[in-house]
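Only one structure is covered here, and it is reproduced in the block below.
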Amino acid sequence: MRTILFKPSPSTSPTRSTPHRHTFSDTLMDDNVENARELISKWDASRSSSLYCVDVANLFASDNRYEAQQYLNSIKDLQTAMQYYISQDPTSDKLVLAQNLMQIAMKRLEKEFYIILKSRRQHLDPESVSRTSRSSVSEFEDESEEDELSRVGEDSISEGELVSMDAMKDLKAIAECMIGAGYGKECVKIFKIIRKSVVDEALYHLNVESRLSLAQIQKMDWEVLEVKIKTWLNAVKVAVKTLFYGERVLCDKVFSSSPSLKESCFADITREGALSLFVFPENVAKCKKAPERIFRALDLYEAIADLWTEIEPIFDLESTSTIRQQVINSLNKLGEAVCAILTEFETAISKFNSKAAVPGGGIHPLTRYVMNYITFLTDYSGVLTDILADWPLTVPSPLPEAYFGSPVSADGTSTSSISIRLAWLILVMLCKLDGKAEMYKDVALSYLFLANNLQYVVNKVQKSNLKLLLGDEWMEKHEEKVRQYASNYERMGWSKVFAALPDANDNQMTTPQVTECFKRFNSSFEEAYNNQASWVVSDSKLRDQIKVSVARKLVPVYREFYGKYRQLVARKEGIVRFAPDDLENYLSDLLFGTGGSGSNLSLSTSSSVSSFSSSSGHSRGGRIR
């Protein structure tokens, strides 16, 4: 324990020639010293074997609270007496006695400070401190014990909370006394050591790895790193809302009498742990920019952004500015990483290469992957809007309005950055699908492929948050595009069949002409059916719409021709192969991608309407009305 030396000023130094008379003040100060000596000697910490031993009598125990307050008051009286002695005679033996008593008292308080921090640690953990504190996190204002109790008096206070409040009150009282006596450094040293161990231990139990370097993170398998990210996401909420907040409250309460000390304490206790915690997202952002990693990057960004309003006031001190800056750096790096991954994703779509066409013109794997990916991105629309606002889309030419609707939404606001970016990704994919459609030798199948995939896109948008982002106009334009593709499929796939039927106004057909017309129709219908037997339309609604449209154009015309001329060729076997209802059944069986209900149609499989009709009863879809 160090000795405090007092130097009297020249103006207050008494002269040797002037005798000092014993006054009432002398008597009062002597009484203060004597009273202090009795109480201080009783609790002389030098009698115990070690300063940092908690297995001894505790002055601030619950049954000694009155005496503890007397002890603190006696120290104040002792300070008053010392100041008086200095002003009267700085060389007096009484001053030496008072100084010795002050050292003994400070040693006792230092020990008491340590005992409270250690023995009541479970009631001074950040969670308990956070729970008992009712002050605003943005203000961290102190209040008197009476004000605090009166404010929370209406609430139910548990015994543990009362212990926590008493411990903080005792620590504050000891700290104020030691700081006032010039022993602030000793008090702060003990506080920093013990509370930093609490913070470090809490972070350890939250699985925050303080020694995890960037190089180690970059070498990790993604599966391992993803687990650590999930762990961090859980840890950061507890660390900010409970751990760091609780420490800030405790430091501010205990050292409320010294702004510089409370700032120093909080900064030294939390700096290392906070920097280790908040540098992790930045290191993750510096890893490989693979498309599947964007969702974890967004999780990290969202977690920090959501906590920023609590992080900023907790670390609003000048000495914790490096922590705030680290949080900002992590946000910026994560934002950059997200934009880089989106660019990488766009590049991957453009470079996607598969030489095999999808059988039957069905949904391409690229379509499923991209749309599922984009749909998942909409779960982060708020975060993405913030990120993309600083990273506008740059393309060689203006984005076609048809692919994202009007640049102004229905409510008059401009299309958001995320809407434009997601619309652009869909456009890049659709352009790639246009190239995939050229792989089909049959033009009708190419259009069916495009209709299938665009309908899948429309359905995904309709059933997700994408609809809100892209808007009704985008939906309407792309639904119309699906109808155009379906119409082109119908025109290219069934034009020969439509053309095989005679004009409705042709009422003067000879028997040879009728015979040739039936043969031509039989051949074209068989060809169209056999060609499309393995084609598929995945969306049931679109499939029915296509088949109804074909049937409405084909069946009524054929029914009229069939009813008018069937009798002319009835004696010729194999000429009339299809009844109108048979056409409906065959059409109903198409576009399931299963190759039809039976074998392919051919001239040898059926020689009459009756024999065909008997086999058509196995039709998959029933008649088209």
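A donor-acceptor contact shorter than 3.5 Å links the side chain of T378 to the backbone of T375. One N or O on the side chain of D582 and one on the backbone of A579 form a donor-acceptor pair closer than 3.5 Å. In this structure a side-chain-to-backbone donor-acceptor pair under 3.5 Å is missing from E310 to L307. Looking only at distances, a side-chain donor or acceptor of N372 sits under 3.5 Å from a matching main-chain atom of R368. Side-chain atoms of K547 come within 3.5 Å of backbone N or O of L590 as a donor-acceptor pair. With hydrogens and angles ignored, the 3.5 Å screen pairs no side-chain donor or acceptor of R559 with any backbone N or O of P580. Under a 3.5 Å cut-off, the side chain of T347 and the backbone N or O of T343 do form a donor-acceptor pair. Between the side chain of S350 and the backbone N or O of E346, at least one donor-acceptor pair lies under 3.5 Å. Judged by distance alone, with hydrogens and angles left aside, the side-chain atoms of S523 form no donor-acceptor pair with the main-chain N or O of K519 at under 3.5 Å.
Smallest separation of non-hydrogen atoms from A451 and A486: CB-N, 4.1 Å. Of all heavy-atom pairs between L583 and F521, the closest is CD1-CZ, 3.7 Å. Of all heavy-atom pairs between L388 and C339, the closest is CD2-SG, 4.1 Å. Of all heavy-atom pairs spanning F449 and G362, the tightest one is CD1-O, 3.5 Å. Of all heavy-atom pairs between V358 and I363, the closest is CG1-O, 3.9 Å. Here the closest non-hydrogen pair linking L277 and A239 is CD2-CB, 3.7 Å.
Salt-bridge check for E480 with R483: passed, with a basic side-chain N closer than 4.0 Å to an acidic carboxylate O. Ion pairing of E312 with R324 is absent here, as no side-chain N (NZ or NE/NH1/NH2) approaches a carboxylate O to less than 4.0 Å.
In this structure, L433 and T367 have side chains that are in contact, with non-hydrogen atoms separated by less than 4.5 Å. Side-chain contact check for K228 versus L212: some heavy-atom pair is nearer than 4.5 Å. In this structure, the side chains of V236 and I304 stay at 4.5 Å or more apart for every pair of heavy atoms. Using a 4.5 Å cut-off on side-chain heavy atoms (C-beta onward), F498 and S524 make no contact. Taking 4.5 Å as the limit, every side-chain heavy atom of V457 sits out of range of all side-chain heavy atoms of H478. With a 4.5 Å cut-off on side-chain heavy atoms, T322 and Q326 do not count as touching. You'll find the side chain of D442 stays beyond 4.5 Å of the side chain of Q532, heavy atoms only. Annotation: side chain of E490 is in contact with side chain of K553 (closest heavy-atom distance under 4.5 Å).
Applying the side chain to side chain contact (heavy atoms under 4.5 Å, CB included) criterion to M475, with sequence neighbours excluded, gives V458, V461, Q462, K467, E479.
Taken to the nearest 0.5 Å, the CD1 atom of I217 stands 8.5 Å off from the CD atom of E209. Residue D386 holds its CG atom at 10.0 Å from CD1 of I418, rounded to the nearest 0.5 Å. Here the CD-CG distance, from E584 to L554, works out to 9.5 Å after rounding to the nearest 0.5 Å. If you take CD on E438 and OG on S446, they are separated by 8.0 Å, rounding to the nearest 0.5 Å. Atoms SG and CD1, from C431 and I426 in turn, are 12.0 Å apart once rounded to the nearest 0.5 Å. Remark: L450 CG to Y489 OH distance equals 14.0 Å, nearest 0.5 Å.
Ring centroids of F352 and H364 are separated by less than 6.0 Å, placing the two rings close together.
Considering Y565, F561, F525 as possible partners of F518, the one that fulfils the ring-ring contact (aromatic ring centres under 6.0 Å, His included) test is F561.
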| query | Yes or no on side chain to side chain contact (heavy atoms under 4.5 Å, CB included) for W222 and I229, after CA distance, side-chain angles and deciding distance? | reply | CA-CA 10 Å; W222 172 241; I229 291 173; 4.0 Å; yes
| request: Decide yes or no on side chain to side chain contact (heavy atoms under 4.5 Å, CB included) for L501 and Y558, but give the supporting numbers first. | output: CA-CA 7 Å; L501 294 172; Y558 181 78; 3.7 Å; yes
| Criterion side chain to side chain contact (heavy atoms under 4.5 Å, CB included) on F345 and L425, from CA distance to verdict | CA-CA 9 Å; F345 181 62; L425 290 175; 4.1 Å; yes
| said: Using the rule given for side chain to side chain contact (heavy atoms under 4.5 Å, CB included), can you reason through W494 versus L587, listing the C-alpha separation, both sets of side-chain angles and the distance that settles it, and then say yes or no? | reply: CA-CA 11 Å; W494 294 94; L587 288 173; 3.5 Å; yes
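Atom CD of E127 sits in a sparse spot, with 12 or fewer heavy atoms from other residues, nucleotides or ligands closer than 6.0 Å. A 6.0 Å sphere centred on NZ of K219 holds no more than 12 heavy atoms belonging to other residues, nucleotides or ligands. For K237, the NZ atom counts as loosely surrounded, since its 6.0 Å shell holds 12 or fewer non-hydrogen atoms of other residues, nucleotides or ligands.
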Quiz: residues 289-303 side-chain donor-acceptor pairs under 3.5 angstrom, not counting sequence neighbours:
unit_1, atom_1, unit_2, atom_2, d
K289, NZ, A285, O, 3.0
K289, NZ, C287, O, 3.0
R296, NE, E226, OE2, 3.1
R296, NH1, D299, OD2, 2.9
D299, OD1, Y380, OH, 2.7

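For the residue pair N488/Q484, the side-chain donor-acceptor check at 3.5 Å is not satisfied. At a cut-off of 3.5 Å, with distance as the only test, a side-chain donor of K436 or S354 sits close to an acceptor on the other residue. Inspection of the N332 and E336 side chains reveals no N or O donor paired with an N or O acceptor under 3.5 Å. Residues D539 and N452 bring no donor and acceptor atom of their side chains to less than 3.5 Å of each other. A donor atom on one side chain and an acceptor atom on the other are found under 3.5 Å apart for S419 and S416.
Under the 30°/60° scheme for interplanar angles, the aromatic rings of F244 and F315 are found to stand perpendicular.
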